[in-house]
Amino acid sequence: MLRETPSAPSDDRAPGDGLVRAGAIVFIVGAVATLVTVAPLFLGTDPFPTVAYLVSMLMGVGFLVAGAGVFRSIAVQRRRARAVQAATGQPR
């Protein structure tokens, strides 16, 4: 039986998607670490060692990695658009 709508290709990832996903995971790890390091302030317990505060810095690193992925995706899309314009002879 023929389907009217063809199935989408299974690998339709754009360049930069991997960086965005990795950045999101690193960001989440950093966010959880930040919540854990702030918890002793509210619970009145001893603060965590310095390493815990350094792990919370992953939140910013994840944000930067995800941003790099977005910029990579933008650059590839712009290159493709310019190639299409050049192939069709349209002015910029």
Side-chain angles (χ1 to χ4, degrees):
M1 175 180 229
L2 294 175
R3 291 188 284 182
E4 292 180 22
T5 306
S7 62
S10 62
D11 189 26
D12 57 348
R13 295 181 187 164
D17 283 355
L19 284 174
V20 171
R21 289 180 184 170
I25 291 169
V26 172
F27 182 86
I28 290 170
V29 169
V32 169
T34 301
L35 291 173
V36 168
T37 55
V38 172
L41 296 173
F42 297 111
L43 301 175
T45 61
D46 292 332
F48 288 103
T50 305
V51 175
Y53 292 97
L54 294 176
V55 172
S56 68
M57 296 296 169
L58 288 176
M59 201 160 90
V61 172
F63 185 77
L64 290 175
V65 170
V70 169
F71 283 124
R72 183 174 180 209
S73 178
I74 290 170
V76 168
Q77 288 178 7
R78 292 181 92 191
R79 274 189 237 122
R80 287 180 184 163
R82 286 183 188 144
V84 168
Q85 284 180 347
T88 59
Q90 294 178 358
R92 290 186 190 178

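Worth knowing before you read on, the calculation uses all heavy atoms, side chains too, and leaves out hydrogens, waters and symmetry mates.
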What are the two closest heavy atoms between [X] and [Y], and how far apart are they?
X: R72; Y: G16; value: NH1-N, 4.0 Å
X: L58; Y: V29; value: CD1-CG1, 4.1 Å
X: M59; Y: A31; value: SD-CA, 3.5 Å
X: P47; Y: P40; value: CA-CB, 4.2 Å

Check your understanding: Does V26 belong to the same Ile/Leu/Val/Met/Phe/Trp/Tyr cluster as V55, with side-chain heavy atoms less than 4.5 Å apart forming each link?
Key ->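 They do share one cluster, since a chain of ILVMFWY contacts under 4.5 Å joins V26 to V55.
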Exercise for review: Have a look at V38 and tell me which of V36, L35, L41 forms a side chain to side chain contact (heavy atoms under 4.5 Å, CB included) with it.
Suggested key: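 For V38, the side chain to side chain contact (heavy atoms under 4.5 Å, CB included) check succeeds only for L41.
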Check your understanding: For the atom pair CE (M57) and OG1 (T34), what is the distance rounded to the nearest 0.5 Å?
Key ->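 OG1 of T34 is found 8.0 Å from CE of M57.
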Point to revise | T37 side-chain N/O to A33 backbone N/O, donor-acceptor pair under 3.5 Å | key: yes
Check your understanding: Do the side chain of S56 and the main chain of Y53 share a donor and acceptor less than 3.5 angstrom apart?
Key -> yes
